[in-house]
Q: 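I am attaching a structure below and will ask some questions about it afterwards.
Note that the structure is predicted; figures quoted are calculated from it, not measured. What you see below is based on every heavy atom in this structure, not just the backbone, and it leaves out hydrogens, waters and symmetry mates. Per chain, numbering begins at 1; letters A, B, ... match sequence-line order.
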Protein chains: 2
Amino acid sequence: MTEHQRGRKRRSIKTNNASSSATVSDVARLAHVSTATVSRALNTPDVVRLEVRERIAAAVEKLGYIPNDSARALRQNQTRLIGVVVPTLSYALYADFFASLQGTLAQDGYFALLTTSDYDLHSEAEHAIKLIRQGAQGLVLVGRLREKRLANFLAASGIPHVSTYVTDPTDNENIIGFDNARAIREAVEHLVSLGHRRIAMLSGVTTKQNDRAIARVNGFRIATQIHQLPSESWIAEAPYTIEGGRLALRAILARGLEPTALVCGSDMLAIGALQECKARGIHVPRDISIVGFDDLEIAAHLDPPLSTVEVPSVEMGKAAGEHIIALCSRAPAPEKTIFETRLVIRKTTAKPRSREIITQRASRRRTPSDLLVFSSS
Amino acid sequence: MTEHQRGRKRRSIKTNNASSSATVSDVARLAHVSTATVSRALNTPDVVRLEVRERIAAAVEKLGYIPNDSARALRQNQTRLIGVVVPTLSYALYADFFASLQGTLAQDGYFALLTTSDYDLHSEAEHAIKLIRQGAQGLVLVGRLREKRLANFLAASGIPHVSTYVTDPTDNENIIGFDNARAIREAVEHLVSLGHRRIAMLSGVTTKQNDRAIARVNGFRIATQIHQLPSESWIAEAPYTIEGGRLALRAILARGLEPTALVCGSDMLAIGALQECKARGIHVPRDISIVGFDDLEIAAHLDPPLSTVEVPSVEMGKAAGEHIIALCSRAPAPEKTIFETRLVIRKTTAKPRSREIITQRASRRRTPSDLLVFSSS
DNA sequence: CGCGCTAATGTAATCCATTACATGTGCGCG
DNA sequence: CGCGCACATGTAATGGATTACATTAGCGCG
């Protein structure tokens with residue numbers, strides 16, 4: 001009866017070469033114990049006698065046994081996989097976020113399945129659902145706004161998920177984020193306190209339903225309203241790239257506006273704006289002050305060093321990891337974790353010149369491109 | 001007999017709310033077919049009658065059925081998971097590589113399990129093995145050099161894996177890479193052809209067993225030997241950071257050497273060197289020529305725009321993805337895919353001044369830091 | 001001496017989808 | 001008319017680890 005496994009095809013490999021991966025049964029046979037004991041020796045060693053444990057360990061070693069995780073996952077109904085969808089990895093902000101998240105997950109034996117959506121909600125939904133099908137037990141997403149299909153799916157399935165990089169006072173989703181609107185408001189406050197009244201905003205594209213961008217624009221609207229400044233026509237949208245920043249600033253200037261300060265929805269836009277200013281001979285911060293958003297590593301190395309809003313990507317990654325693990329293991333988790341942003345004031349913000357007039361030299365660029373350079377300090 | 005499922009706890013949820021995830025049995029019951037037919041309807045629809053298929057589709061819809069992938073993976077013995085270990089994601093080079101790899105994997109229904117090693121071979125080994133335990137069917141690694149434990153493990157288990165960013169003529173592993181040594185050699189050739197004879201190399205840390213860094217240094221040794229130039233004392237090692245680049249250049253200068261050109265093991269080192277030059281009033285490229293490595297996006301935006309070696313990260317990501325999929329599905333795969341690098345000559349390389357003497361002003365920096373700035377172009 | 005308890009291990013059910021094999025139906029063709 | 005084949009579907013084995021429950025041995029204590 002103990003030999004009912006006799007006819008198994010794998011028997012021939014009993015000796016050593018684990019080419020076709022050994023199973024608990026193989027280990028059990030070699031160690032002269034039952035599969036149950038093998039399993040226990042591996043998972044709850046303290047309930048197995050030392051001598052037996054060593055025999056099993058030797059067998060495991062000899063066979064090069066690796067537990068089949070699919071089988072374990074099937075039985076225990078938990079895969080230890082977390083799906084992560086970020087807009088892009090090319091933007092250091094999200095790369096750092098993921099690195100932090102992944103490290104946190106690893107501490108508890110979880111793994112991250114990562115995909116990128118390229119800022120496209122439809123793509124995000126597709127990927128998220130595929131990740132679930134693939135066995136992800138939870139999802140970490142960026143932003144709170146989702147395609148209806150995904151929203152329904154998440155609601156119906158009850159799959160644990162967290163939203164990051166945002167906050168939304170009106171709902172009680174699981175959120176790990178910060179207040180985009182308030183951060184922009186603080187940036188505007190700073191500029192106003194320096195004496196600025198003609199403030200433009202360079203925003204990321206909001207029509208793509210990027211709720212971080214939308215929240216930042218709303219922050220701008222609120223701030224301008226408080227200080228009775230104009231807003232709508234002082235907003236320009238562009239993609240989150242250096243070129244986008246240039247285009248956005250050009251659009252503002254082309255409207256005949258003469259801003260003394262720019263609030264940007266991202267450091268990339270700020271870099272583009274900075275470049276455009278240089279190209280036009282507009283001095284920063286004397287002629288125009290600029291505030292960025294994200295505090296990329298490069299921001300501190302620009303000339304002038306960029307004043308910007310510091311975003312706690314690393315902290316969010318950690319918190320998101322802890323939060324989603326808690327949800328997946330049914331441990332208690334806080335409903336929200338909201339981080340503070342910090343306005344880092346460097347050298348691109350200053351008082352406006354009194355009665356300033358910006359000379360808009362429509363200087364044609366001669367050099368092949370507009371370049372980042374090092375100051376000679 | 002057809003009612004042997006009767007006692008199942010899940011029965012009460014038969015109607016709608018799929019809170020506790022439906023199974024094939026649930027779908028089968030609702031559609032009045034067997035589980036086999038459900039499975040077929042989902043996987044090989046053409047063998048199931050249309051009418052039945054629709055009934056099943058309706059049941060799937062109604063129950064919100066999602067196949068349990070652990071079960072499928074167990075049965076079919078394939079998880080569609082690929083483990084990926086890169087040194088870091090903070091370096092755009094690897095972020096882009098991964099993005100490309102992931103996109104390629106997704107096309108064939110594979111998913112990437114991503115971890116970072118922080119350039120530590122031990123960490124790489126740990127992660128790689130954990131990824132396998134977690135169910136990864138293949139591994140994509142950076143570099144060919146591995147900790148012994150991992151090398152043995154891979155050899156013994158026969159798990160499909162590819163090495164990237166390197167090439168090694170002496171073995172026939174599965175490699176998707178490029179010739180680091182040759183790329184550096186070409187950089188040196190370029191400098192020599194411009195008339196340089198005093199060429200220093202700023203290398204990444206080779207003691208960390210970073211075989212990309214090692215290969216690049218070897219390329220430098222070979223090139224200098226060919227042209228009968230000095231080598232060993234003209235090499236400085238430092239971490240792959242801007243600060244590292246500065247330190248390395250300082251070390252070279254502190255040795256009393258007066259290079260007219262620098263070959264750098266990465267763009268980060270080159271950026272640091274550029275910064276240090278500016279800080280010392282050394283003009284680039286008039287006083288010193290600089291060649292970077294990697295061609296990060298920022299390289300073209302520096303001032304002067306950096307001459308550098310273009311590394312085909314995106315192409316490698318794609319090729320690595322296709323290669324590992326081929327290995328995992330036992331399709332034929334080429335043994336190696338070697339890409340060409342390309343020396344992108346921008347503005348940091350020029351002829352050396354005849355009888356040049358570098359004035360080493362040990363200028364104490366006054367400004368708080370050394371900065372990247374935009375040219376006014 | 002024997003009851004009852006604990007510790008250690010074995011037996012077999014279980015997780016869920018896939019699939020080899022069996023069954024049944026209907027049709028074409030000799 | 002009936003054989004044989006194709007098609008559609010059902011039945012039940014299968015994959016590997018975990019774990020509820022059963023069993024056995026050993027020990028303490030009355």
Side-chain angles (χ1 to χ4, degrees), chain A residues 1-5 7-10 13 18 20-29 31-56 59-60 63-80 133-135 137, chain B residues 1-5 7-10 18 20-29 31-56 59-60 63 65-80 133-135 137:
Chain A
M1 206 53 78
T2 56
E3 298 187 359
H4 66 287
Q5 301 258 21
R8 295 279 296 285
K9 60 175 180 290
R10 198 173 287 100
I13 329 176
S20 177
S21 73
T23 72
V24 265
S25 300
D26 299 324
V27 175
R29 206 173 319 125
H32 301 291
V33 293
S34 72
T35 61
T37 301
V38 172
S39 179
R40 281 189 284 254
L42 267 43
N43 299 307
T44 51
D46 36 313
V47 305
V48 177
R49 244 188 326 145
L50 179 63
E51 186 224 333
V52 177
R53 229 155 60 203
E54 285 171 345
R55 232 162 54 219
I56 291 171
V60 166
L63 294 170
Y65 169 70
I66 297 175
N68 180 322
D69 198 74
S70 300
R72 165 182 306 179
L74 172 60
R75 182 65 228 251
Q76 297 189 330
N77 198 30
Q78 67 141 329
T79 58
R80 312 219 124 215
R133 298 190 101 91
Q134 183 59 31
Q137 295 195 274
Chain B
M1 204 52 83
T2 58
E3 298 186 1
H4 67 285
Q5 301 259 19
R8 294 279 296 286
K9 59 175 182 288
R10 196 173 289 100
S20 178
S21 73
T23 70
V24 264
S25 299
D26 299 324
V27 175
R29 206 173 320 125
H32 301 293
V33 293
S34 71
T35 61
T37 302
V38 173
S39 179
R40 282 189 284 254
L42 267 43
N43 300 305
T44 50
D46 36 314
V47 306
V48 178
R49 244 191 324 149
L50 179 62
E51 186 224 333
V52 177
R53 229 154 61 202
E54 284 171 346
R55 235 165 49 221
I56 291 171
V60 166
L63 295 170
Y65 169 70
I66 297 175
N68 179 322
D69 199 74
S70 299
R72 166 183 307 184
L74 172 60
R75 183 64 227 254
Q76 297 189 330
N77 198 30
Q78 66 142 330
T79 58
R80 312 219 123 215
R133 299 190 99 91
Q134 182 60 31
Q137 295 195 274

Q: Which atom names give the shortest non-hydrogen contact between B/L42 and B/Y65, and what distance separates them?
A: CD2-CE2, 3.6 Å
Q: Who passes side chain to side chain contact (heavy atoms under 4.5 Å, CB included) against B/Q76, sequence neighbours left out?
A: B/R72, B/Q78
Q: For B/R133, what residues pass the salt bridge (Lys or Arg N to Asp or Glu O under 4.0 Å) criterion, not counting sequence neighbours?
A: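 For B/R133, no residue satisfies salt bridge (Lys or Arg N to Asp or Glu O under 4.0 Å) once neighbours in sequence are set aside.
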Q: Calculate the interatomic distance between A/Q134 atom CD and C/dC16 atom C1'; express it in whole Å.
A: 16 Å
Q: If you compare every side-chain N and O of B/N43 against the phosphate oxygens of C/dA17 (OP1, OP2), does one of them come in below 4.0 Å?
A: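 No, outside the criterion.
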Q: What pair of heavy atoms forms the shortest contact from A/R53 to A/V48, and how long is it?
A: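 Shortest heavy-atom contact: NH1-O, 3.1 Å.
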Q: Could you state the atom-to-atom distance from CZ of A/R40 to P of C/dA7 in whole Å?
A: 14 Å
Q: Rounded to whole angstrom units, what separation is found between the CZ atom of B/R80 and the P atom of C/dT18?
A: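 After rounding, the reported distance stands at 12 Å.
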Q: With a 3.5 Å distance limit and no angle check, can you tell me whether A/S70 reaches the backbone of B/A73 through a side-chain donor-acceptor pair?
A: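 Judged by distance alone, no pair lies under 3.5 Å.
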Q: Considering only nitrogen or oxygen atoms on both sides, find all protein atoms under 3.5 Å from nucleotides 4-8 of chain D and state each distance.
A:
{"from": "D/dA8", "atom 1": "O3'", "to": "B/R49", "atom 2": "NE", "distance (Å)": "3.4"}

Q: Return the value, rounded to whole Å, for the distance between atom CG of A/L42 and atom P of C/dT9.
A: 14 Å
Q: Taking any heavy-atom pair under 4.0 Å as a contact, classify B/V33: base, sugar-phosphate, or nothing.
A: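 The residue B/V33 makes sugar-phosphate contact but no base contact.
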Q: Less than 4.5 Å apart, any side-chain heavy atom of B/V24 and any of B/V27?
A: no
Q: Distance check, rounded to the nearest 0.5 Å: A/N68 atom CG versus A/R75 atom CZ?
A: 14.5 Å
Q: Whole angstroms only, please: what is the CZ-P distance between A/R29 and D/dA17?
A: 12 Å
Q: Could you state the atom-to-atom distance from CD1 of B/I66 to C1' of C/dA17 in whole Å?
A: 15 Å
Q: Would you kindly give the CD-to-P distance between B/Q76 and C/dA20, to the nearest whole Å?
A: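 So the two atoms are 11 Å apart, to the nearest Å.
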Q: Any idea which heavy atoms bring B/I56 and B/A41 closest together, and the distance?
A: CD1-CB, 3.6 Å
Q: For the atom pair CG (B/L74) and CG (B/D69), what is the distance rounded to the nearest 0.5 Å?
A: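 Spacing of CG (B/L74) from CG (B/D69) equals 11.0 Å.
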Q: Determine to 10° how strongly the helix from C/dC1-D/dG30 to C/dG30-D/dC1 is bent, judged from the axes of its five-pair ends.
A: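 Answer rounded to 10°: the end axes differ by 50°.
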Q: For the residue pair B/V52 and B/V33, what are the closest heavy atoms and their distance?
A: CG1-CG1, 3.7 Å
Q: Please enumerate all residues that pass side chain to side chain contact (heavy atoms under 4.5 Å, CB included) together with A/S39, with sequence neighbours excluded.
A: A/N43
Q: Please determine whether a side-chain nitrogen or oxygen atom of A/S39 lies at a distance below 4.0 Å from atom OP1 or OP2 of D/dT18.
A: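 For D/dT18, OP1 or OP2 has a side-chain N or O of A/S39 closer than 4.0 Å.
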Q: Among residues 67-75 of chain A, which ones have heavy-atom contacts with DNA chain C below 4.0 Å?
A: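 DNA chain C contact set from residues 67-75 of chain A: A/L74, A/R75.
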Q: Under 4.0 Å from OP1 or OP2 of C/dC16: is there any side-chain N or O of B/Y65 that close?
A: no
Q: Under 4.0 Å between a side-chain N/O of B/T37 and OP1 or OP2 of D/dG10, yes or no?
A: yes
Q: Tell me the interatomic distance from B/R55, atom CZ, to D/dG10, atom C1', rounded to whole angstroms.
A: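 So the CZ-C1' distance, B/R55 to D/dG10, works out to 13 Å.
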Q: Measuring from atom CD of A/Q134 to atom CD1 of B/I66, what distance do you get when rounded to the nearest 0.5 angstrom?
A: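 Here the interatomic distance stands at 12.5 Å.
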